[in-house]
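Written below as structure tokens is the structure these notes are about.
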Amino acid sequence: MSLFQSIEQIKEQFSKEISGEFDFEQLKVKYLGRKGLVAGLFQQMGGLTSDERPKAGKLLNELKLELTSEIEKLAVDSSVTDESTADSFDYTMPGDPQPVGAIHPLTQVLEEIKSIFNRLGFSVAYGPEVDTDFYNFEALNIPKHHPARDMQDTFYVKKDVVLRTHTSNSQIHNMLKHDPPVKIIAPGRVYRNEDISVRSYCLFHQIEGLYVDKNVTMGDLKGVLDYFAKELYGKDVKTRFRPSYFPFTEPSAEMDVSCIFCKGKGCNICKYAGWLEILGCGMVDPEVFKSVGYDPEKWTGYAFGLGIERIAMLKYGVEDIRLFYEGDIRFLRQF
Amino acid sequence: MKISHNWIQDYIKTELSPEVLEKGLTDLGLECTLQKSSLSFTNVVLGKVLECESHPDSDHLSICNVDVGDESNYQIVCGAPNVEIDIFVPVAKVGATLSNGEFKIKKAKLRGVKSFGMICSGQELQVNDDVDGIMIIDTNEPLGTPIEQVLNFNQSIVYDLDLTPNKGDCFGHLGVAREIGILEEKEIAKRKINFKESSKSVNDFVSINVDATDGCPRYTARVITGVKIGPSPQWLVERLTEIGQKSINNVVDASNYVLMDTGHPMHTFDLEKIKSKQIKVRFAEKGEKFTLLDETEQKLEEHHLLICDGNNPLALAGVMGGLESGITDETTDILIESAYFTPTVIRKSAKTLDISTESSKRFERDTDIENIIPSMDYLTQLIVELAGGEVAKGIIDVYPKPKQQLEVDFSLEKCNKFLGISIDNDRLQQIFNSLEIQFEIKDSLYHCSIPTFRNDLEREVDLFEEVARIYGYNNLPVSNAFTGCYTSFIKDEHKTDSSIRSILSSTGYLEHYSNSLISVEQTLHFSDLLPVSVSNPLSSEMAYLRNSIIPGLLTAVSYNEKRQQKYFKLFEIGAIHYQADSEEKGSHEDFNLGIVWFGKSQTHWRKTNEQDYYNVKGELNHFFNKLDCPKLRFVKEELEKGFEFSITLYSGKLKLGVLGKLSKDILKNFEIKTPIWVFSGSIENIAQSIATKKSKYRSPILYPAIERDIALLVKKEFTSEQLSRTVKGSGGELLKNVTLFDYFEKEELGIDMKSLAFSLTFQSPEKTLTDNEIDKFVTKILDKLVKQYQVVQR
Ligand SMILES: [Zn+2]
């Protein structure tokens, strides 16, 4: 039998075999396996003359391609017949489990706030959690024996070294490192020596904003924070500014937003005030500029700071601040 | 600080409603909450008992006929022992309510006798605590008048102020009245002082000597003799009660009252107890002991300021009196002290003893040096009015260096620019007038004289704030544009964090935030780095900053295991702290990534994702590949602290972190029962490794790839990584990939042997490789493997 006849014969045998019942794996091995029928024909090429060889090689390759593609088709068919099309196939059984991950709600809120200020051109900067009295207090116009120190119960590491009580220390670090203009936000963890309860924890997270440039006005401050509030809570939200006191800003203000739950009508979350306090802000006090070597006659600026936990508690309706730090996966999975 | 609406009327007759004032004060920076008390009853009127007979079936009930001014009288059964005819009483008519609506008066029958109403006791009306009988009223009011009117109940309206530390001027009714004056656009009244002095001079009673003028720039005193200590009159008790102060006796109450009124703290001494008749103001000696009014014995420092009798301490100046020198029921002669103490001295004095009093709070925030004598005169007048006595002639006033008037220059142009407004001179002057700031204009600059009660206005910018405050923060225009430039870009050092979070969260990890304050034991578990301790911790459980990211994760693991959770993966990114080698350098702050795998696998009908070493390693591999950390290596090194098995993970030569299994002792310490896998690594190194990755595109190879499988029998002492590295090293550059696809051990293979099978992929960018060519490569590889590891091909 010539090689060409053998090719025809194999083709015929193959089509006969696949029209009846067959084992797919066996079929594959029989025809295309290392010691299969096609491989056997390739071996016979040795006995051909050099004239015949190219033609035979071409035909054999065509045969191999043809059978391969047929078998691939069968492969798809057979798997379909084997499983999902069978009547007994229970498509309702659960698929392979993929554990649900989540980014912490505090990170999510922080990222949202960061992205709003990023869009306004604020860079992200940082300050250390363990810092000296100078960065955390003195340079921020909070001298020793000043009643303003009572506003923040402080953890001390040793004399003149504290766990920072606010992210405002980042203002000083960054102003000392960079010449004006400065336009940063500084997120981070801060510590307060307060008893742990539903409403307070020994640590929390803040984000600080600082903008120093020529001719910055209090109107600019209001503009940026009003934009921020609308980005965070929607364009219908209203803002209100009240005089307040922070040693490192003058004038100082608290910003309230119209209650996002009752739309300002009054509810138990806003204590029937219609407003929610969300951040403190003000124009950078000239004393702060002096302590970092900026000329207060030349530069003005504003600063603001807000608590991430506060925003997150309002956003998700979390009433117990401790839930953020317990790591209860039933809590974490929900975000 | 509580401010009474009624009390404020002494200074200013308010026209605005309390609600408007509440908002107005808040807008002026005095965060204000309005508290209105309401009557506990309704429909209780004045009645007169016309007839009163004993109840036939009761020995304590009376049947009364009561006139309440209605067309007919009512029959009311009353159980009080003091009911009799011709007395005026409060009558709750049918339909009236008591106890804030909880109790409603209905027609009733008491032991067979009808009753139309109730005669009330003081306690039932919540007017006083009198439970012994009904309230008998002495009045000329017509019958039927609402009882609240008869009893002259002033509804209590209190403004609860949350004062910021700079608002020392608002620590009394006078100061708040000034702010209300701004809202009402009215001037406030002054207290009228009118008392007689005796002919005997104050100097005949006592002399004053101030050594410590730094701490006490001004000290004034008056003497009153022959007072009679007794209870305070009703009006005074009511005013003090309304703002939450307890009544003690007439002299002490008067002193408290004036404190709450003018905001200036004064002290009253029993003159007889000043034996030397010489008051001396001096700083304490180190270690000097002194017993305060609250009976605590204090050991003093040199910065504590004392008021002394000769050299004997009488009071801790501006903070608290001594146990010995106070007013008692026997006191007849009084010395009133009204002084100005330096804020920082009082602050330090109170703070170091951990004391805060109404007095120290005010001195710390600075007081009005010019208000000392008016306050003292008001107190003197009040004491004489309430307790009698004679006022000695004159005042002792030790004021060696009069305080300089605060002067501030102010530019309207600058102010307008700073606040983004454009007010004119008229409006500004109006604002200054309302603040009692006097000014002269020279060269378009305002030379302002600051009133003595506003010690917080020292600089031009402080006046800018005042202008903004009065103008209204909410009236300042909002600007919508940035005027600044873009040259302030600072690189975000923590950019990697968000990639880490997004990869891990999308592959099933939950992010955790743990308390970074831990116990000393926990600092010893995983790290030899010296932890940073807190000198005033909340508890010993939170006395140190974490020096490893692992303890916080384990606490969470334990928490969840105890709540029947079977399977989860947690991660945390956070700072760890440790002490630097030398004292001056302080401490280091590093950011770490911690991951923990808890549980075997998720319960499921198809057994998948067994959480074992290879699974965890695979997930880490995927994670770091996704982050773009190149050249990952898992290396067995010395056992990490706290681990029973640990593998170090490198990217090239950079150590990324440690993966492993914790020791049984550690798990026991954290009360964890299930074995867990833990990774702890350095964010800084991870970020650095990402930065080394070259991201350059390589075009896909056009020619087909050819696979060859090799199965090898090899001694167990050789690792799969050793073999695959040799395969890669000897396979030439056309060997593109080596994958371990099979592994098994069997007794037939020999106890120390294992079988490994690798799949090799060859590919050339230039041509289709022939079997022959590949055979040569494979032979070369096998030769090398045989030589190096004595493998046997299967
Ligand atoms: Zn609300």
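The sequence lines fix the lettering, A, B, ..., with proteins before strands; numbering per chain opens at 1. For clarity, every value in this text was computed on a predicted model and none was experimentally measured.
- Between Tyr245(A) and His146(A), the two ring planes are parallel [angle under 30°; tilted spans 30° to 60°].
- With salt bridges taken as basic N to acidic carboxylate O contacts below 4.0 Å, one links Lys144(A) and Asp133(A).
- For a residue to count as touching a neighbouring chain, one of its non-hydrogen atoms must lie under 4.5 Å from one of that chain's; by this rule Val532(B) touches chain A with the side chain only.
- The existence of a salt bridge linking Arg242(A) and Asp256(A) is confirmed by a sub-4.0 Å separation between a basic side-chain nitrogen and an acidic carboxylate oxygen.
- Neither the backbone nor the side chain of Thr555(B) comes within contact range of chain A; no heavy atoms are under 4.5 Å apart.
- Ranking Leu570(B), Val345(B), Leu545(B), Thr507(B) against chain A, the residue ahead of the rest is Leu545(B), based on heavy-atom pairs under 4.5 Å.
- Ring pair Phe155(A)/Tyr191(A) is perpendicular by interplanar angle, where above 60° counts as perpendicular and below 30° as parallel.
- For Lys414(B), the part lying under 4.5 angstrom from a heavy atom of chain A is the side chain only.
- Only the side chain of Lys351(B) comes within contact range of chain A, with heavy atoms under 4.5 Å apart.
- Using a 4.5 Å cut-off between heavy atoms, Lys569(B) contacts chain A through its side chain alone, with no backbone atom that close.
- Between chain A and the residues Asp492(B), Thr33(B), Leu28(B), the largest count of heavy-atom pairs under 4.5 Å involves Asp492(B).
- Contacts between Glu466(B) and chain A at a heavy-atom distance below 4.5 Å are absent for every atom of the residue.
- Considering CH2 of Trp275(A) and NZ of Lys23(B), their distance stands at 8.0 Å, rounded to 0.5 Å.
- Contacts with chain A were tallied for Gln565(B), Glu572(B), Lys495(B); Gln565(B) has the most, counting heavy-atom pairs under 4.5 Å.
- Partners of His205(A) by side-chain contact (heavy atoms from CB on, under 4.5 Å), not counting sequence neighbours, listed by chain and number: Leu106(A), Arg189(A), Leu203(A), Ile308(A), Glu309(A), Tyr325(A), Tyr513(B).
- Heavy atoms closer than 4.5 Å to chain A are found in both the backbone and the side chain of Leu419(B).
- The greatest number of non-hydrogen atom pairs below 4.5 Å with chain A, out of Ile421(B), Thr344(B), Val461(B), is found for Val461(B).
- The part of Phe568(B) that comes within reach of chain A is its side chain, from C-beta onward, which places non-hydrogen atoms under 4.5 angstrom from that chain.
- Contacts between Leu163(A) and chain B at a heavy-atom distance below 4.5 Å involve the side chain alone, from C-beta outward.
- Residue contact with chain A, scored on non-hydrogen atoms closer than 4.5 Å, involves the backbone and the side chain of Glu364(B) alike.
- When Glu493(B), His494(B), Arg469(B) are compared by the number of non-hydrogen pairs under 4.5 Å with chain A, His494(B) comes out ahead.
- With respect to Asp285(A) and Arg459(B), a salt bridge is recorded, a charged nitrogen being found less than 4.0 Å from a carboxylate O.
- Interface remark: Pro343(B) contributes no atoms to any contact with chain A (heavy atom separation under 4.5 Å).
- Taking the six-membered ring where the residue is Trp, the centroids of Tyr473(B) and Phe241(A) are separated by 6.0 Å or more.
- Ring geometry for Tyr135(A) against His173(A) counts as parallel: the plane angle stays under 30°, on a 0 to 90° scale with 60° as the upper cut.
- Heavy atoms closer than 4.5 Å to chain A are found in both the backbone and the side chain of Asn536(B).
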From CA spacing to verdict: side chain to side chain contact (heavy atoms under 4.5 Å, CB included), Met255(A), Asp226(A): CA-CA 9 Å; Met255(A) 185 176 84; Asp226(A) 188 68; 5.9 Å; no
